[in-house]
Amino acid sequence: MFSFFFRAWCIFYLFVSCYCFVIDIVVLYKNHIELRVQCMVSVVASFCVGLFFCFVGYFVKNESEEGDRILQEPLLNGNGNALELQETKGSDIVTPFSNAGILSLLTFTWVGPLIAFGNKKTLDLEDLPQLDSRDSVIGAFPIFRDKIEADCGAINRVTTLKLVKSLIISGWKEILITAFLALADTCASYIGPYLIDSFVQYLDGKRLYENQGYVLVSAFIFSKLVECLAKRHWFFRLKLLGIRIRALLVTMIYDKALTLSCQSRQCHTSGEIINFITVDVERVGNFSWYMHDLWILALKVTLALLILYKNLGLASVAAFVTTIIVMLANIPLGSLQEKFQNKLMKSKDTRMKSTSETLRNMRILKLQGWEMKFLSKIIELRKAEQGWLKKILFTKAITTFFFESSHTLVCVVTFGTCMLIGIPLESGKILSALATLGILTGPIYNLPDVISVIAQTKVSLDRITSFIRLDDLQPDVVEKLPPGSSDTSIEVVDGNFSWDLSSPNPTLQNINLKVFHGMKVSVCGTVGSGKSTLLSCVLGEVPKISGILKVCGKKAYVAQSPWIQSGKIEDNILFGEHMVRERYEKVLEACSLKKDLEILSFGDQTVIGERGINLSGGQKQEYKLLVLFTKMPIYIYLMILLVLWMLIQDLTFLSSKTVVYVTHQVEFLPTADLILVMKDGKITQSGKYADLLNIGTDFMELVGAHREALSTLESLDGGKASNEINDKGEPKGQLVKEEEREKGKVGFSVYWKYITTAYGGVFVPFILLAQILYKALVIGSDYWMMWKTPISADVKPPVEGTTLIEVYVGLAIGSSLCALVIELLLVTVGYKTATILFNKMHLCIFRAPMSFFDSTPCGRILNRASTDQSSVDTTIPYRIGSFSFMVITLLGTIAVMSEVAWQVFIVFVPVIAVSIWYQRYYLPSARELSRLIGICRTPIIQYFAETISGTSTIRSFDQQSRFHETNLKLSDEFSRPMFNMAAAMEWLSFRIDILSSIIFAFSLTFLISIPPGIINPSIAGLAVTYGLTLNLVEFVVIWNLCNLENNIISVERILQYTTILSEPPLVLEEENRPDPSWPAYGKVDIRNLQVRYAAHLPLVLHGLTCTFHGGLKTGIVGRTGSGKSTLIQTLFRLIEPTAGEVIIDSINISTIGLHDLRSRLSIIPQDPTMFEGTVRSNLDPLEEYTDEQIWEALDKGQLGDEVRKKEGKLDSSGRVLLKKSKILVLDEATASVDTATDNLIQQTLRQHFTDSTVITIAHRITSVATEINANNQATPRAITVQADVSDPAGVKSLFDSTEQALFSAVAIEEGGNRKVKEKKNINVILAVTKLVFVANFHVC
């Protein structure tokens, strides 16, 4: 169980004990030399302790070894209780804390099996036992919610006071228990200072009664044991209370987000709501640490004054006044630090907001070649943040200097007052005063922090309460009728609805609507006419001013932007429903999704990334159909696209269902049972397609724009070409990987890299030297007071009183200056290190390939940029400095104790060895628990953010309870490692305290065993005074070491992201740079191109070969997920080819820098993006153009009001007009705008890019046809790509037989059975797909 060194020391200690036993008992007794009882007791006790250490070192087995034996023989030892955790999967049992015995609770033995298990294997979440129902949020939240509702009537009527009252009631037992423990700890901590004077007098020979020494030793030891037990359980219970409060508030805020009305939702952004659980809830939870501090401080001041008055009389008044002055003087520094902290948090929020926005839009930044510009913006924001960080750190350094000086000031004033009023200074009284003031110094120093925490907690509670009090959705907006009770699915009578109830103009006015079961209802109209609002009214999302709204049966809803959760595709399809395999397969077949799933390596078990990042735009739209699995009677779709509608028309699932959909696609309208035409918030026309054509102008405006676009199909030319691919066996793997988690001990290289990052580590020796000098001066000042003060009033002082104080002040000032030097050096080194790590990590992230962002959710990066960076900024430097300083303090304490009793080394060495063994035994479990805490925090935030963005969908499916339960589960999964981490920490702390108490008890016993006159009582008293803090010092050493390893994980995580594989260089040497006029023609040659997203994933493009001639307009079509967007990403080198090459104007794009390539190309991406800032900064973030050029581009793009109206849809076209590139790519840029707006964009591009190569990916055949129509002199040709075809002649034959069928089918759906001319009229259309077109033409 123990190391060889420890066992060897046990043998040596036993040998010395036996030698002393033989000499003292046998030899001296035979020579008739009298031995004192104390000496005999000491010798016998030493011999017994030696036997005990040998027994422990050689015969006690390791708990983990015993655990292995239990695991190997479960049938023979089925009743094993202590190691039940190893016999059963941890997550299947409840924590042993719930039913542990009194001894197990007192000593934290109940958590021992988990720590032992963590030494055997790396702990995972499934190894941790479940929380007890009292601590689990699943059991605690219903009681908490019921209490609030009973007090307030409803949760949204809660006040801050009532919320605090409910939180107190939910944890009243822990609050009372911790209050009692805090009282016991405070009283026990003052027993030592109270008795130290009597102990010094006893050592001086002034014995008041027989066995007084043993009574004093017993009192000292008893107080240390009480202090140990009280402190450990006090801290553990406070942590437990904080965990519970945190979980309750997170759940309450989450539930509120599910019921929040849309009007209330506008009051807070998603980031602000998430801040409630990441910032405000954390503050309230952390307040549990400070809830008793104010009254404890008052109690400590009172007890300190009583002890000082007993020893120093009226001089205690001076100590009290000085203490009050010091406390008041601390407040301005605390306020200043709080002010800087608030500024720091605001600047950090600004940086994180910009970082989050940048990471979400990294694809567009790389496409445009802007990533380094945005990196420089984040670096500038970080510099502003660092300005406040530097002020905080240096203010803290000054505060520490003031703290050290204030302790000296109180002591000097107290002792000086004694001299002035004639109170004699005796060594025992001085020791008592020093020990008393030492205990009091900590709470006084922390008082500003306590006041600040109370104020911050009050603010956070007010913020949470104000959010909880926001209005929920009106429960009476929709009158819900039981399924089958009426033949009408939706009915609205004289409905008036408004998003803003305070507005005089309703959003929808005079709505009258009646939809019968089984009807297909289409809602159309221009942008901003109220189409989406009408459907939101049916869902109950819009506040009702007046009228009647009835809905019969349940409903399913699909938003305009598909809401896709992170997780498996199967889970997204089921959406909480039980798996019915037969229906599941029918839905996949009916929606033509089986082929999409076959493309994916893991089929429906493929993990979808954040916001569906590893799905193409078309696949996201196709997954809208998966609501069919829910078997709802009413289906509501926003902005349905062509591919979905072609499928829906043939689905037997929907034959008897009510379908209401909003669309800009006029071609959908002829088959609708009812068409609603919206304008200015009113239903201006309703009826069937043929009837509306003859009624009025509103409907004709929509149809006219569509016919104008279709007219381009009449003038097309065409031709053919072919291509082949081979679909071979490919490696498989998930694109989205689990978060990287280092396992095992943090390597020394991590510590070394951190220490040497700033200035090569040159300041580290100076810091250690300053710490050693500081401790030497502190010990020297205490020695001086003991050496030069008499033991009693009848002894003449060795030096004058003024000399005594002057030397003491000089030493104290020296130690304070050393403390200032230490703090300044730590601040300087820590600040520089944080800056270097931040810049290096962000540079590596921004230079990472796009595959890194595809497989890494933003939350993981943001965690490192926020939580881990904060730890590097403010925590880790002080952890390292504190650890080294406390090691020096421990050595100094032992040196002082050994000066009067060198025999303490006999116990000190094995105790330290056992302590180190305990620390190493504890660390593997603590390390993994700390990592689990970091990993389990991210899913809560991510799930919360997903829920906020999909509340309308969740509410429409009535899935609030399921999401509530999932959130409870995630909260408990986060609380489990937090709970066990707190318990494991106290498990270690308790054992360290007991071991320290053994050293202290041995020293006291030895001192009372020595005859009077052998040692200096004053120095012995000083040793005892230092011994009083020995357990605290040793605990802090181990605690700092453990916490340092837990915190250094943040450095480890940041260093992970400094080794990310980088993209190729942005700019190469001058000889490898293209000419400034390149590309002059815009010709693109693609030769045998093979592409995969990652080495472990299959090929997406298989041997593609084709040519885009310069100046021509090329259309790319293909089924969803076929690789259209992948081809474009390869063109911009977001993905590097696995094989083959892409040549633009005779230059292989792989041979030039990325910036040279991307800056010469332009793209309007699939997801238009606008960044926070001005229109100018969005159009020209690199600041390359003048204001006149920007205004010219805006005029050409017909922007202005359109920018505001389209909410960013035209900003990308403005960018390309400004850039004037020879090659322009449109990646489904107009997929979700109406036909009139599409026509406007196409007209702008035709006018200003007549000589450019335009490559278009589009859902509309009219968009492609418009581009094709511009190629009047192009050579007619078309190219197809298909799987498993190796014969060129076969490809040609297949192309000849399928080309006309393919495009005719698409054009017929677009034009309402309009005829398409011969295939020679089809111009350049590139169909990119892995699948045979014959089998899939109906979904192209």
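Hydrogens, waters and symmetry mates play no part in the numbers below; they use all other heavy atoms, side chains included.
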State, to 0.1 Å, how close T414 and L437 come at their nearest heavy-atom pair, and which atoms those are. OG1-CD1, 4.5 Å

Distance from F415 atom CZ to L434 atom CG, nearest 0.5 Å? 4.5 Å

What is the minimum heavy-atom distance between C818 and L777, and which atoms define it? SG-CD1, 4.0 Å

Check whether any side-chain heavy atom of I398 lies under 4.5 Å from a side-chain heavy atom of L820, and answer yes or no. yes

Return the CH2 to OG1 distance between W784 and T789, rounded to the nearest 0.5 Å. 10.5 Å

Close side-chain approach of L103 and T109, heavy atoms under 4.5 Å: no

Side-chain donor/acceptor of T893 to backbone N/O of T889, under 3.5 Å: yes

Say you draw a straight line from CG of L305 to OG1 of T323; how long is it, rounded to the nearest 0.5 Å? 7.0 Å

Is it true that, when you exclude Y194 itself, more than 12 heavy atoms of the residues, nucleotides or ligands shown sit nearer than 6.0 Å to its OH? no

Looking at S915 and I992, what are the two nearest heavy atoms and their distance? CB-CD1, 3.7 Å

Look up atom CZ in R879 and atom CG in L1044, then write down how far apart they are to the nearest 0.5 Å. 8.5 Å

Contacts of S816 that satisfy side-chain hydrogen bond (donor to acceptor under 3.5 Å, both in side chains) - sequence neighbours left out: none

Under a 4.5 Å cut-off applied to non-hydrogen side-chain atoms, are L891 and K775 in contact? no

Pairwise distance CG(L176) to CG(L181) - rounded to 0.5 angstrom: 11.0 Å

If you measure from CG on L303 to CG on L299, what distance do you get to the nearest 0.5 Å? 4.5 Å

Checking the side chain of S288 only, and the main-chain atoms of L238 only, is there a donor and an acceptor separated by less than 3.5 Å? yes

Does Y774 offer a backbone N or O that forms a donor-acceptor pair with the side chain of S815 under 3.5 Å? no

Answer yes or no: is there a side-chain heavy-atom contact under 4.5 Å between T186 and Y190? yes

Does any non-hydrogen side-chain atom of M985 lie less than 4.5 Å from one of F235? no

Can you check whether T107's main-chain N or O pairs, donor with acceptor, with R991's side chain at less than 3.5 Å? yes

For the residue pair H292 and I175, establish whether any side-chain heavy-atom pair is separated by less than 4.5 Å. yes

Donor on one side chain, acceptor on other, T875 and N1047, under 3.5 Å: no

Taking the six-membered ring for Trp and the full ring for Phe, Tyr or His, determine whether the centres of F990 and H233 are under 6.0 Å apart. no

4.5 Å side-chain heavy-atom contact, N286 and V453: no

Where S1018 and L431 come nearest, the two heavy atoms and their spacing: O-CD1, 3.8 Å

Strictly by salt bridge (charged side-chain N to carboxylate O under 4.0 Å, His left out), give each pair with a member in residues 216-226 just once, sequence neighbours left out. K224-E227

Indicate yes or no for a side-chain donor-acceptor contact from Q771 to the backbone of G881 under 3.5 Å, with no hydrogens or angles considered. yes

Ring centroid separation for W987 and Y918, is it under 6.0 angstrom? yes

Is W787 atom CH2 crowded by more than 12 heavy atoms from other residues, nucleotides or ligands, each under 6.0 Å away? no

Determine whether the aromatic ring centres of F180 and W234 lie less than 6.0 Å apart. no

With heavy-atom distances below 4.5 Å as the criterion, would you say the side chains of E426 and V200 are in contact? no

What's the verdict on side-chain contact (heavy atoms from CB on, under 4.5 Å) for I454 and Y290, showing C-alpha distance, side-chain angles and the deciding distance? CA-CA 8 Å; I454 293 174; Y290 303 90; 5.8 Å; no

If the condition is salt bridge (Lys or Arg N to Asp or Glu O under 4.0 Å), which residues does E174 pass it with, not counting sequence neighbours? R244

Nearest heavy-atom neighbours spanning P193 and T436: CB-OG1, 3.4 Å

Crowded around K310 NZ? As in, over 12 foreign heavy atoms under 6.0 Å? yes

Could you walk me through whether I421 and L314 pass the side-chain contact (heavy atoms from CB on, under 4.5 Å) check? CA-CA 9 Å; I421 63 178; L314 292 177; 4.1 Å; yes

Tightest non-hydrogen contact, residues A433 and L312, listed as CB-CD1, 4.0 Å

